[in-house]
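Only a predicted model underlies this, so the values are computations on that prediction, with no experimental measurement involved. If you read the sequence from its start, that first residue is 1, and numbering goes on from there.
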Amino acid sequence: MSALTIFSLDLGNKRTKMYTEKGVRDYPSQFALKKDAGQETRFKKKMDLNFFSINEEEYVWGNDLYEEIDPQDLIDTMRFGSSRYSSIQYKNLIKMSLAEMASDYDTEEILAVELVIALPTEDLTDENKSKLEKFLKDAHSIKRNGKSHVIKVDKVHIESQTTGTFYNHLLGKDGLVNNEELYNKTVSIVDAGGGTLIIETLKRLSFIPELSSQFETGAYKLFNEIKFAAKQKGCRISVYEIENILREGKTVFSENNRSDEDQVFDLSKTIEKVKTQYTEVVLNNLNKTLKGTNRIDQMIVTGGTSQLINKEVFKEEYPYVIFEKEPSTANAIGNYKYILAVRE
C-alpha cells in the first residue's frame, strides 16, 4: 500500500498557508462569490485567481482577490474561538485549500491524503478537535477551474500553529532531527498572526504553560488603526487594501481605480507610527508572559505580522531572538516535517 500524500494547512484569520511536497502557497483567508468577480476577471489568465465549485455554489480565490473584488463583497473567515470551526465559511475555505493543493497532482483518481491542520494553542480543545476531525475525515469533492478533484482525508493531525515553527528549525526536509542543540534548549516561539499573538515556550517538545500566553492583538487591529488614520486624510482605503500594500512593502495608496482623478496618499508616517505601537504591544505582552525569567535560551519570532515589528528595538530587550526568514509559511512547513518524522 502506497504512503498517503501529506497536506499541511495553516488556516489563519488573515492568511491561509498550504504546503505539500510540491511547494508552498500563501493566500488570503477571504474569498468571494464568482458572480462578484465580473466577466473581465474570467479572461485574465495571468492573474493569481482560481474558481471553485462547492455544492453547486461558485467562488473565486487567490492572491489577486483584492485587485478584482470590491472589499464589501469579500467573504471573511475571521472568528475567534470554537464558532470558527463550525462556520460554513471556514469549511469552504478548507475545501478550496484541499483542491488547491490537489491541483499539483496529475491524477483523475481519488487522492488519499494525510492532513495536518494547525490551530491557535488555546483553540486546541477536545471539542474543537473532535468537531474538526469529524468534518475533515471524509471524501471532499471540489471543482477547481472546471476540473474535479476528490480528496479523501484518511488521517488527520490537529497541531499547534506555533509549534510548527519549532519543528521547522528542529527537523530537516526528510523529517529527521538536524538541530539537536535546539531540542535541548528552552525556546519561546512568538507567533504574530492576523488575529492573535501567541507566545509558546517549549523544552524538549514539552509545553511550559506558565511561560506561554495568547492575546487577541493580531494584525486586524493594526489595519483598522491605519484605516482610521487614513480616513482623516480623506483616503478611502479598506483593511484588505491595507493588508495588501503592507505585504508588498508599500506605503503609498492610489485611488485611481475608483474615480477619474488619480488621488495618491502617502501613508508612510501612519504606518511607521503603527509599527512602533505594535512593537511596544508585543514586547509588553511578552514581558508579562515571561516575567523576566532567565530560563529562555532561544526565542523565534514568526507569523505574517512579525514583519511589522521593529527588529532593532526588539533585539535590545531580547538579544537571543531569531526572526523567521519565511514567517508566514514556517508553521505549515514545520508541521509537514513533523508528519514525516512521526508517520508509520
Side-chain angles (χ1 to χ4, degrees), residues 3-29 48 62-63 93-94 96-105 111 113-121 123-124 136 151 153 155-183 185 187-200 202 205 207 219 247 298-307 309 321-343:
L4 298 172
T5 300
I6 302 174
F7 281 6
S8 180
L9 178 60
D10 179 5
L11 205 161
N13 270 305
K14 298 302 292 184
R15 303 292 299 184
T16 295
K17 289 78 67 176
M18 300 157 274
Y19 187 78
T20 71
E21 61 186 332
K22 303 290 186 178
V24 66
R25 286 176 168 85
D26 182 2
Y27 284 178
S29 290
D48 188 359
N63 275 323
L93 192 54
I94 287 178
M96 286 188 280
S97 300
L98 293 175
E100 189 66 27
M101 289 185 279
S103 69
D104 285 335
Y105 294 84
L111 185 62
V113 307
E114 184 169 359
L115 175 67
V116 56
I117 186 168
L119 303 187
T121 308
D123 290 357
L124 287 170
L136 292 169
I151 304 98
V153 180
K155 286 187 178 181
V156 176
H157 305 263
I158 302 175
E159 302 294 333
S160 162
Q161 289 174 340
T162 310
T163 309
T165 287
F166 182 80
Y167 292 137
N168 195 36
H169 285 261
L170 178 70
L171 305 172
K173 293 181 179 180
D174 54 5
L176 299 177
V177 174
N178 69 353
N179 191 347
E180 193 169 337
E181 183 182 356
L182 182 70
Y183 177 78
K185 287 181 176 181
V187 182
S188 285
I189 311 293
V190 181
D191 189 344
T196 55
L197 172 70
I198 302 172
I199 301 162
E200 191 166 299
L202 307 166
L205 296 179
F207 179 62
R247 282 181 58 80
Q298 185 76 71
M299 182 179 290
I300 303 172
V301 177
T302 189
T305 312
S306 66
Q307 298 177 62
I309 293 173
V321 67
I322 294 174
F323 282 87
E324 179 65 56
K325 292 180 180 178
E326 299 294 337
S328 184
T329 56
N331 292 337
I333 296 171
N335 279 327
Y336 178 93
K337 293 178 180 180
Y338 168 73
I339 299 306
L340 283 179
V342 301
R343 74 187 319 186

> What's the verdict on side chain to side chain contact (heavy atoms under 4.5 Å, CB included) for Val113 and Leu4, showing C-alpha distance, side-chain angles and the deciding distance?
Replying inline: CA-CA 5 Å; Val113 307; Leu4 298 172; 5.7 Å; no

Is [Y] close to [X] at the side-chain level, that is, under 4.5 Å between some pair of heavy atoms?
X	Y	result
Val301	Ile322	no
Val153	Leu115	yes
Leu182	Phe166	yes
Ile94	Leu9	yes
Tyr27	Met18	yes
His157	Ile339	yes
Ile333	Ser8	no
Tyr105	Glu21	yes

> Given Glu324 and His169, is the side chain to side chain donor-acceptor pair (under 3.5 Å) satisfied, shown in steps?
Replying inline: CA-CA 9 Å; Glu324 179 65 56; His169 285 261; 2.7 Å; yes

> When you measure from the side chain of Ser29 to the backbone N and O of Arg15, does any donor-acceptor pair fall under 3.5 Å?
Replying inline: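 Between the backbone of Arg15 and the side chain of Ser29 there is a qualifying donor-acceptor contact (under 3.5 Å).
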
> Between Thr196 and Ile198, is there a donor-acceptor pair closer than 3.5 Å when you use the side chain of the first and the backbone of the second?
Replying inline: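 Answer holds: no.
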
> Any idea how Tyr167 and Tyr338 line up, ring-wise: parallel (<30°), tilted (30 to 60°), or perpendicular (>60°)?
Replying inline: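 Judged by the thresholds at 30° and 60°, the geometry between Tyr167 and Tyr338 is parallel.
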
> When you check the side-chain N and O atoms of Asn331 and Asp191, is any donor under 3.5 Å from an acceptor?
Replying inline: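 Indeed, the side chains of Asn331 and Asp191 share at least one donor-acceptor pair under 3.5 Å.
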
> Does a salt bridge link Asp48 with Arg25, judged by any charged N lying under 4.0 Å from a carboxylate O?
Replying inline: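 Salt bridge between Asp48 and Arg25, a charged N being under 4.0 Å from a carboxylate O: no.
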
> Would Ile199 and Ile189 satisfy side chain to side chain contact (heavy atoms under 4.5 Å, CB included), going step by step from the backbone distance to the final call?
Replying inline: CA-CA 6 Å; Ile199 301 162; Ile189 311 293; over 6 Å; no

>> Please evaluate residues Lys17 and Asp26 with respect to the criterion salt bridge (charged side-chain N to carboxylate O under 4.0 Å, His left out), reporting the C-alpha separation (whole Å), side-chain torsions for both, the decisive distance (0.1 Å), and the verdict.
In response: CA-CA 5 Å; Lys17 289 78 67 176; Asp26 182 2; 5.7 Å; no

>> Once side-chain contact (heavy atoms from CB on, under 4.5 Å) is applied, do any residues pair with Tyr183, and if so which ones, sequence neighbours excluded?
In response: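 Listed in chain order: Leu170, Arg204, Leu205.
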
>> Could you go through Val190 and Thr302, starting from their C-alpha distance and side-chain angles, then the distance that decides it, and tell me whether this counts as side chain to side chain contact (heavy atoms under 4.5 Å, CB included)?
In response: CA-CA 6 Å; Val190 181; Thr302 189; over 6 Å; no

> Out of Thr20, Leu111, Ile151, Asp104, which one pairs with Thr5 under the side-chain contact (heavy atoms from CB on, under 4.5 Å) rule?
Replying inline: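 The side-chain contact (heavy atoms from CB on, under 4.5 Å) with Thr5 is passed solely by Leu111 among Thr20, Leu111, Ile151, Asp104.
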
>> side chain to side chain donor-acceptor pair (under 3.5 Å) for Ser188 and Glu200? Distances and angles first, verdict last.
In response: CA-CA 6 Å; Ser188 285; Glu200 191 166 299; over 6 Å; no

> Going through the distances and angles, do Asp10 and Tyr19 end up as a side chain to side chain contact (heavy atoms under 4.5 Å, CB included)?
Replying inline: CA-CA 9 Å; Asp10 179 5; Tyr19 187 78; over 6 Å; no

> Would you say Lys173 has more than 12 foreign heavy atoms packed within less than 6.0 Å of its NZ?
Replying inline: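 Open.
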
